[in-house]
Amino acid sequence: QVQLVESGGGLVAPGGSLTLSCSSSEYVLSSFWMHWVRQAPGKQREFIAGIPFITSRGTTTHYSPSSKGRFTISRDNDKNTVYLQMNSLKPEDTAVYYCAADSRLKASAEADYQIWGQGTQVTVSS
């Protein structure tokens with residue numbers, strides 16, 4: 001069965017850093033755009049970043065305005081893993097973070113994806 005498995009969430013102090021990982025299959029990584037999305041209780045889902053299998057002219061990473069400059073999405077296809085490096089974390093970054101896959105980039109806050117991970121909790125608090 002095709003699945004995505006997130007890990008790396010936890011408690012971190014404001015201003016700190018955290019790296020999330022999303023483990024998947026080679027098939028998924030080579031066939032889909034990979035995304036990071038988050039959702040906090042009482043708030044709508046928020047797109048964070050997306051990355052294609054191969055970065056080229058016209059096909060590159062994409063970030064939400066709120067995450068650009070603080071968050072970095074990357075992938076290691078040899079390890080079948082997508083990462084989200086988060087720096088300068090703020091309490092408002094507290095949410096469940098999901099990785100998700102689809103055949104194209106979906107950056108809308110209301111976007112649905114073909115494949116979802118189970119999510120990993122990130123809590124930013126002193």
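Note that the coordinates shown come from a computational prediction; the quantities given were computed from them, not determined experimentally. For reference, positions follow the sequence shown, starting with 1.
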Worksheet item: Is there a side chain to side chain contact (heavy atoms under 4.5 Å, CB included) between Q85 and S17 once you walk through the steps?
Response: CA-CA 7 Å; Q85 175 66 49; S17 299; 3.8 Å; yes
Could you measure the distance from the [atom1] atom of [X] to the [atom2] atom of [Y]? Nearest 0.5 Å is fine.
{"X": "S31", "Y": "D102", "atom1": "OG", "atom2": "CG", "answer": "12.0 Å"}
{"X": "I51", "Y": "C99", "atom1": "CD1", "atom2": "SG", "answer": "12.5 Å"}
{"X": "T19", "Y": "M86", "atom1": "OG1", "atom2": "CE", "answer": "7.5 Å"}
{"X": "L89", "Y": "S125", "atom1": "CG", "atom2": "OG", "answer": "12.0 Å"}
{"X": "F47", "Y": "E110", "atom1": "CZ", "atom2": "CD", "answer": "14.0 Å"}
{"X": "R104", "Y": "H35", "atom1": "CZ", "atom2": "NE2", "answer": "8.5 Å"}

Practice prompt. Go through the steps to decide whether D76 and T81 satisfy the test side-chain hydrogen bond (donor to acceptor under 3.5 Å, both in side chains), and finish with yes or no.
Written response: CA-CA 5 Å; D76 187 336; T81 303; over 6 Å; no
Nearest heavy atoms of [X] and [Y], plus distance in Å:
{"X": "C22", "Y": "W36", "answer": "CB-CZ2, 3.7 Å"}
{"X": "S126", "Y": "P14", "answer": "N-CD, 3.6 Å"}
{"X": "I48", "Y": "S67", "answer": "O-OG, 3.0 Å"}

Worksheet item: Would you call R70 and D93 a salt bridge, using N to O less than 4.0 angstrom?
Response: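 So R70 pairs with D93 through a salt bridge.
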Flag side-chain contact, heavy atom, 4.5 Å: [X] against [Y]:
{"X": "S66", "Y": "E46", "value": "yes"}
{"X": "M34", "Y": "V28", "value": "yes"}
{"X": "L20", "Y": "V122", "value": "yes"}

Backbone N/O of [Y] and side chain of [X]: donor-acceptor pair under 3.5 Å:
{"X": "T120", "Y": "G9", "value": "yes"}
{"X": "Q118", "Y": "E6", "value": "yes"}
{"X": "N80", "Y": "S25", "value": "no"}
{"X": "S103", "Y": "F32", "value": "no"}
{"X": "R75", "Y": "P52", "value": "yes"}

Discussion item. For T59 and F53: C-alpha separation, side-chain torsions, deciding distance, then whether side chain to side chain contact (heavy atoms under 4.5 Å, CB included) applies.
Written reply: CA-CA 9 Å; T59 305; F53 175 64; over 6 Å; no
Item to complete: Go through the steps for Y97 and L84 under the test side chain to side chain contact (heavy atoms under 4.5 Å, CB included), then give the verdict.
Response: CA-CA 10 Å; Y97 285 69; L84 182 67; 4.1 Å; yes
Discussion item. Is there a continuous path of hydrophobic side-chain contacts, each under 4.5 Å between heavy atoms, that joins L18 to V82?
Written reply: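 Yes; V82 is reachable from L18 via cluster members.
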Item to complete: Return the set of residues passing ring pair (Phe, Tyr, Trp, His ring centres under 6.0 Å) with F71 (not counting sequence neighbours), or none when no residue passes.
Response: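 Per chain and number, F71 pairs via ring pair (Phe, Tyr, Trp, His ring centres under 6.0 Å) with no residue.
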Worksheet item: With W116, which residues qualify under ring pair (Phe, Tyr, Trp, His ring centres under 6.0 Å), at least two apart?
Response: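 Partners of W116 by the ring pair (Phe, Tyr, Trp, His ring centres under 6.0 Å) criterion, ordered by chain and then number, come out as Y98, Y113.
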